[in-house]
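Below is one structure, written out as structure tokens, with a few remarks after it.
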Amino acid sequence: MRGALKGAQLSAIVCVRATIRVFRSCLPSDAGHTARSPLRTSCCSTSGSLARPSEMKTAAEFFFSAEVEKTDQPAPLLPFLQKTTLMSKLFICPFYHALSFFHCLICLSHGLNVTFGSPSGSDLIPPGACKSLNSSVIYANNEVDLAEVDIYGFDYDYTLAQYSNALNTLIYNTARDFLVEHFKYPEEIKTYDYLPNFAVRGLHYDIQKGLLMKIDAFHYIQPGTVYRGLTPLPDEEVLDLYGGTFHVPLQQDSGFYGKGPKVKQFMDIFSIPEMTLMAVANDFFITNDIEYDPVHLFKDVSEAIGMVHIKGYMYKWIMQDLDKFILRGDETDAVLHKLASHGKKLFLITNSPFSFVDKGMRHMVGENWRDFFDVVIVQADKPHFFTDCIKPFRRLDGNGDLRWEKITSLEKGQIYKQGNLFDFLRLTGWRGSKVLYFGDHLYSDLADLMLRHGWRTAAIVPELEHETKVVSAHRYAVNLTWLQALTGLMERLQIHRDAESRDVFVEWQKEREELRVMTKNLFNPQFGSIFRTLHNPTYFSRRLNRFSDIYMASLSCLLNYDLSYTFYPRRTPLQHEAPLWMDQLCTGCMKTPHLEDMANIR
């Protein structure tokens, strides 16, 4: 009996294996392919003859109770699919939905129009396969009732003011020239142009080894994402460098704010040109076989980037061409009008100087922009503003010059410099969950406010626009659904120790690795998504969930919600919990707002 059962299971395994192969061969020629990660052709074809019964139900009819209308196009693969599906359904019942998705795609690719017989039929297809996620949605990590929020606070750069990518190019070029002219680096480094799609936010940099890498929420390096200069390191070399493991003890090497002494995390959007310049400088010395100290290089590049800000170059560029560099100014104006018209109190805390903020706000909102804000604080020196209780507030006059009088109250219409949060709380009385603060830097803007002071926090993550487009793409839905199903098959196959089972497992393991690389490349060929390392959240993503109650692509997303709206986080099952709802069974979530569900969102 056991032998018969084992034989039936192995037959089912082989049939499922063939089904996956057939599915791959049915995809369009470019489905799931990238220039960097071509598929192995050996996995895309079947061998041997296949029995094809003369009468059968189609896969779509069997799984969905669907009505399938035949067209002029032949469907030679469907008889075989029904046979393999019947067996695989018995063996891998939990992955029934994922394989159903495969079969529905195959029906469509072979000229069959599939009409679902009941609403539950369409639920079997992951939402990302057929809907477009709306990047104007606000996502919740924690439940937030806007009716309880009376005070709204804002950072300026990349929060009230969104900047174009042209700014990164200028920052890179100027800092690169500083390296050559001020730090006397070789002139040839100037031949390296800016690479706009090389780095992503949230990466870690090993200062002593000169390595840029992506780390997950459990402090493990994602294989294939470690770069020395512009060249990826083989996984075997990474293991050698880190003592036979991919684990990095960030609590020892990086610190709470991700600033070293051995490892630095690049968390703000301004750091993208810095990471690129770091990689370029390393690459120059490596490719030209010039001996150098990676620690010195790190410090020099960091200082060169800092000089762009300290010397005011970035402020000058933006102020000289506001239309070129500032995006969505009209939307910022609309947000401030909406909040003010509902009687909300507003404040601004930024590290930028007043002259720069004033010109940008006049461009976006108008001459009377200060009328919207009850308190305006510039050059605040965050994150020290939130932790230091020593620096006093100083008032600026109409010309931006410092005044000498002691500050005993924070008055509307005035501009204040420096100060600290403890005095701010004492003078305003604004405390706890009635305050919601928006910022783009998880550490400098949000961490201390949430952990120490109990404010509500909102993260601005512009990368969401790109990430949601990728997640909504058909190719991503196919790759991810296929990857999840294959992982489940491997989980069940691993208990079989016979030679044939092990051969199948090894092939599936290779297939799974290919799918992982293909899925990563859809986001960024070097480092993938800023939110995921393979199946785990990234270190950036874990910090985003920890330090922000809600997050969104831009401040304008707030325009799409009533100010009494409650944001509810999605309840996803823990590993030891059974999923209860259909949206938790598949790769997407039907509770996620989609374009057609939120027509009022631009």
Side-chain angles (χ1 to χ4, degrees), residues 149-163 257 267-270 309 315 332 335-336 339-340 344-361 364-365 369-396 400 402-403 407 409-460 547-552 554-555 558:
V149 177
D150 298 322
I151 304 116
Y152 287 77
F154 306 93
D155 181 32
Y156 179 72
D157 296 302
Y158 281 107
T159 300
L160 288 174
Q162 291 281 337
Y163 300 125
Y257 293 105
M267 289 295 278
D268 67 343
I269 302 171
F270 285 126
H309 298 276
Y315 303 134
T332 297
V335 170
L336 298 180
L339 296 175
K344 304 298 182 181
K345 294 184 180 298
L346 310 181
F347 67 93
L348 170 63
I349 302 177
T350 175
N351 287 348
S352 294
F354 172 69
S355 59
F356 174 68
V357 174
D358 181 57
K359 190 151 188 177
M361 290 300 292
M364 293 186 290
V365 181
W369 69 270
R370 288 157 61 180
D371 294 343
F372 286 102
F373 293 91
D374 294 85
V375 179
V376 176
I377 301 168
V378 298
Q379 292 176 275
D381 191 28
K382 296 179 292 182
H384 303 297
F385 178 90
F386 300 126
T387 57
D388 183 9
C389 58
I390 298 175
K391 285 185 180 179
F393 284 109
R394 298 196 65 174
R395 187 171 67 85
L396 300 179
L402 285 173
R403 301 290 298 173
I407 303 301
S409 63
L410 298 177
E411 300 174 1
K412 185 170 185 175
Q414 299 297 318
I415 304 297
Y416 300 93
K417 179 182 177 180
Q418 295 180 343
N420 63 83
L421 185 65
F422 300 93
D423 283 344
F424 179 88
L425 297 176
R426 178 177 57 83
L427 295 174
T428 63
W430 296 343
R431 298 178 182 273
S433 59
K434 66 179 181 180
V435 183
L436 175 60
Y437 187 79
F438 293 78
D440 68 289
H441 198 299
L442 301 182
Y443 294 139
S444 297
D445 291 325
L446 307 180
D448 291 301
L449 293 177
M450 168 171 277
L451 298 179
R452 297 171 183 262
H453 304 286
W455 284 12
R456 296 296 198 175
T457 53
I460 303 298
F547 300 145
S548 66
D549 291 292
I550 56 177
Y551 64 99
M552 64 208 75
S554 69
L555 189 64
L558 197 60

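A donor-acceptor contact shorter than 3.5 Å is absent between the side chain of Asn351 and the backbone of Gln379. Formation of a donor-acceptor pair under 3.5 Å by the Tyr437 side chain with backbone atoms of Ile349 is found in this model. Thr457 places a side-chain N or O within donor-acceptor distance of the main-chain N or O of Phe547, the cut-off being under 3.5 Å. At distances below 3.5 Å, not a single donor-acceptor pair connects side-chain atoms of Ser444 with backbone N or O atoms of Lys382. For Asp440 (side chain) and Thr159 (main-chain N/O), no donor-acceptor pair under 3.5 Å exists by modelled atom type. Within the 3.5 Å criterion, the main-chain N or O of Thr350 finds no donor-acceptor partner in the side chain of Asp155. The backbone N or O of Arg394 lies less than 3.5 Å from no partner atom in the side chain of Arg403, so there is not a single donor-acceptor pair.
Taking both residues in full, the closest heavy atoms of Ala340 and Phe372 are given as CB-CD2, 3.8 Å, listed atom of the first, atom of the second, then distance. Scanning all heavy atoms of the two residues, the minimum distance from Tyr156 to Gly360 falls at OH-CA, 3.2 Å. When every heavy atom of Leu446 is checked against every heavy atom of Ser548, the shortest pair comes out as CD1-CB, 4.3 Å. Smallest separation of non-hydrogen atoms from Leu442 and Ala459: CD2-CB, 4.0 Å. Nearest heavy atoms, Phe386 versus Asp448: CB-CB, 3.8 Å. Annotation for Phe393 and Asp423: closest pair CE1-CB, 3.8 Å, computed over non-hydrogen atoms.
A salt bridge does not link Lys434 with Asp150: every distance from a Lys NZ or Arg NE/NH1/NH2 to an Asp or Glu carboxylate oxygen is 4.0 Å or more.
Centroid-to-centroid, the aromatic rings of Phe347 and Trp455 come within less than 6.0 Å. Aromatic ring centres of Phe422 and His453 lie closer together than 6.0 Å.
Heavy atoms of other residues, nucleotides or ligands lying less than 6.0 angstrom from NZ of Lys344 number more than 12.
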- Task: Verify side chain to side chain contact (heavy atoms under 4.5 Å, CB included) between Asp374 and Trp430, making sure each step is shown before the conclusion.
- Result: CA-CA 12 Å; Asp374 294 85; Trp430 296 343; 3.9 Å; yes

- Message: side chain to side chain contact (heavy atoms under 4.5 Å, CB included) for Ile269 and Tyr163? Distances and angles first, verdict last.
- Response: CA-CA 10 Å; Ile269 302 171; Tyr163 300 125; over 6 Å; no

- Task: Would you sort out whether Leu421 and Leu449 count as a side chain to side chain contact (heavy atoms under 4.5 Å, CB included), showing the intermediate values?
- Result: CA-CA 9 Å; Leu421 185 65; Leu449 293 177; 3.7 Å; yes

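Side-chain contact check for Phe154 versus Leu555: some heavy-atom pair is nearer than 4.5 Å. You'll find the side chain of Asp549 reaches within 4.5 Å of the side chain of Met450, heavy atoms only. At least one side-chain heavy atom of Ile460 sits under 4.5 Å from a side-chain heavy atom of Met552.
In this structure, the separation between OG1 on Thr428 and CZ on Arg426 is 10.0 Å, given to the nearest 0.5 Å. Once rounded to the nearest 0.5 Å, the distance linking CG of Leu160 with OG of Ser554 reads 11.5 Å. From Leu396, atom CG reaches atom OG of Ser355 across 10.0 Å, with rounding to the nearest 0.5 Å. Atom CG of Asn420 and atom CG of Asp381 lie 11.0 Å apart (nearest 0.5 Å). For the atom pair CG of Asp268 and OH of Tyr443, the computed distance is 12.0 Å after rounding to the nearest 0.5 Å.
Under the side-chain hydrogen bond (donor to acceptor under 3.5 Å, both in side chains) criterion, the residue pairs touching residues 410-419 are Arg395-Gln414, Ser409-Glu411, with sequence neighbours excluded.
The side-chain contact (heavy atoms from CB on, under 4.5 Å) test with Leu346 is passed by exactly one of Leu339, Val375, Val376: Leu339.
Between Phe424 and Phe385, the ring-plane angle classifies as perpendicular under the 30° and 60° cut-offs.
For Asp157, there are no salt bridge (Lys or Arg N to Asp or Glu O under 4.0 Å) partners at least two apart in sequence or on another chain.
A donor and an acceptor atom, one from each side chain of Trp369 and Asp358, are located under 3.5 Å apart.
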